[in-house]
Asker: 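Structure incoming, see below.
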Amino acid sequence: MKPINEMTLSILSRSSNESFARAAVAAFVAQLDPTIDELADIKTAVSEAVTNCIVHAYKDAIGVIYISAKLFENGKVIVRIRDKGCGIEDVEQAMEPMFTTAGGERAGLGFAVMESFMDRLRVTSRVGRGTSVTMEKIIARRCVQNG
Amino acid sequence: MGVELKKDGKELIALLSGDIDHHTAKQMREEIDSQAGLDKPELLKLDFQHVDFMDSSGIGLIMGRYKLMQSLGGRLRVINVPNYIARVIRLSGLDQLGVLEKDVEHK
């Protein structure tokens with residue numbers, strides 16, 4: 001199926017861009033007329049993925065975070081967040097709730113939130129090359145016609 | 001945006017506002033901790049009524065303040081949690097700590 005609309009965005013891995021990233025994706029997805037809850041879910045998941053890039057992938061450096069979003073006729077949204085950072089050695093372990101290598105006050109819940117708030121989550125990673133997080137969510141179609 | 005601190009007897013109330021993410025949580029944490037360190041309140045209340053957004057960084061913020069209050073021999077309460085934030089809190093299992101208002105569990 002071909003998307004009806006798509007966007008790409010690249011941002012520096014500065015923590016001040018976390019709010020920009022989730023707001024940008026939310027503004028794009030708004031075309032599908034999501035509910036406030038659906039939009040909050042997507043914003044939260046995007047925030048987690050982008051924070052992972054900043055805290056983990058580009059831990060001691062500033063790198064580029066690549067974000068893309070695709071909208072489909074049936075209300076499906078695919079958001080992909082990719083980095084060229086350090087990569088994850090053991091993706092399965094990284095995805096376990098409460099697992100974190102960050103210390104401090106990181107709760108280790110990033111992937112658990114993405115998994116729970118989106119319909120589908122796929123994570124691929126190569127050490128030294130980077131990580132790609134792809135998330136899907138179906139926005140329930142309501143009886144609204146818009147351009 | 002940020003945190004407004006109010007002292008009320010032996011209580012310290014932190015009125016949080018705006019978005020809580022990895023970027024903003026750091027400053028909120030520092031402000032709350034420095035005031036709590038001075039006041040040594042019996043009860044710290046984190047008030048979420050003006051919080052528009054929170055990701056799992058907020059869970060770290062709550063957990064960290066819970067530990068802080070334990071070390072000060074006091075208690076923590078999390079109040080006025082909007083629906084969209086209650087979901088993240090439930091997912092984290094923080095509701096098991098007994099710091100939340102009862103109604104959060106039903107949101």
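Residue numbers begin at 1 in each chain, while the letters A, B, ... track the order of the sequences.
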Asker: Please determine which of B:Asp47, B:Val88, B:Ile89, B:Val51 meets the side chain to side chain contact (heavy atoms under 4.5 Å, CB included) test together with B:Val81.
Answerer: B:Ile89

Asker: Heavy-atom distances under 4.5 Å only: say whether A:Val55 touches chain B with side chain, backbone, both or neither.
Answerer: side chain

Asker: Rounded to the nearest 0.5 Å, what's the gap from CE on B:Met63 to CG on A:Leu109? Could you check?
Answerer: 10.0 Å

Asker: Group every Ile, Leu, Val, Met, Phe, Trp and Tyr by side-chain heavy-atom contacts under 4.5 Å, then state whether B:Val99 and B:Ile79 land in the same group.
Answerer: no

Asker: Under 3.5 Å, which donor-acceptor pairs link chain B and chain A? Put them in a table for me, please.
Answerer:
residue: B:Asp19; atom: OD2; partner: A:Arg22; partner atom: NH2; Å: 2.8
residue: B:Asp21; atom: OD2; partner: A:Arg22; partner atom: NH1; Å: 2.9
residue: B:Asp21; atom: OD2; partner: A:Arg22; partner atom: NH2; Å: 3.0
residue: B:His22; atom: N; partner: A:Glu18; partner atom: OE1; Å: 3.4
residue: B:His22; atom: ND1; partner: A:Glu18; partner atom: OE2; Å: 2.5
residue: B:His23; atom: N; partner: A:Glu18; partner atom: OE1; Å: 2.9
residue: B:His23; atom: ND1; partner: A:Ser15; partner atom: OG; Å: 2.6
residue: B:His23; atom: ND1; partner: A:Ser16; partner atom: N; Å: 3.4
residue: B:Asp55; atom: OD2; partner: A:Ser47; partner atom: OG; Å: 2.7
residue: B:Ser56; atom: N; partner: A:Glu48; partner atom: OE2; Å: 2.6
residue: B:Ser56; atom: OG; partner: A:Glu48; partner atom: OE1; Å: 2.7
residue: B:Ser56; atom: OG; partner: A:Glu48; partner atom: OE2; Å: 3.1
residue: B:Ser57; atom: OG; partner: A:Arg106; partner atom: NH1; Å: 3.1
residue: B:Arg65; atom: NH1; partner: A:Glu105; partner atom: OE1; Å: 3.2
residue: B:Arg65; atom: NH1; partner: A:Glu105; partner atom: OE2; Å: 3.4
residue: B:Arg65; atom: NH2; partner: A:Glu105; partner atom: OE2; Å: 2.9
residue: B:Arg87; atom: NH1; partner: A:Asp41; partner atom: OD1; Å: 2.7
residue: B:Arg87; atom: NH1; partner: A:Asp41; partner atom: OD2; Å: 2.9

Asker: Is there side-chain contact between A:Ile88 and A:Val127, with at least one heavy-atom pair below 4.5 Å?
Answerer: no

Asker: Taking atom CD1 as the centre, does A:Ile62 end up with more than 12 heavy-atom neighbours from other residues, nucleotides or ligands that are less than 6.0 angstrom away?
Answerer: yes

Asker: Under the side chain to side chain contact (heavy atoms under 4.5 Å, CB included) rule, collect the residues that match up with B:Ala36, sequence neighbours excluded.
Answerer: B:Leu12, B:Pro41, B:Leu68, B:Leu72

Asker: Checking A:Ile36 against chain B: side chain, backbone, both or neither under 4.5 Å from a heavy atom?
Answerer: neither

Asker: Could you check whether any side-chain heavy atom of B:Ile32 comes within less than 4.5 Å of a side-chain heavy atom of B:Leu16, counting everything from C-beta outward?
Answerer: yes

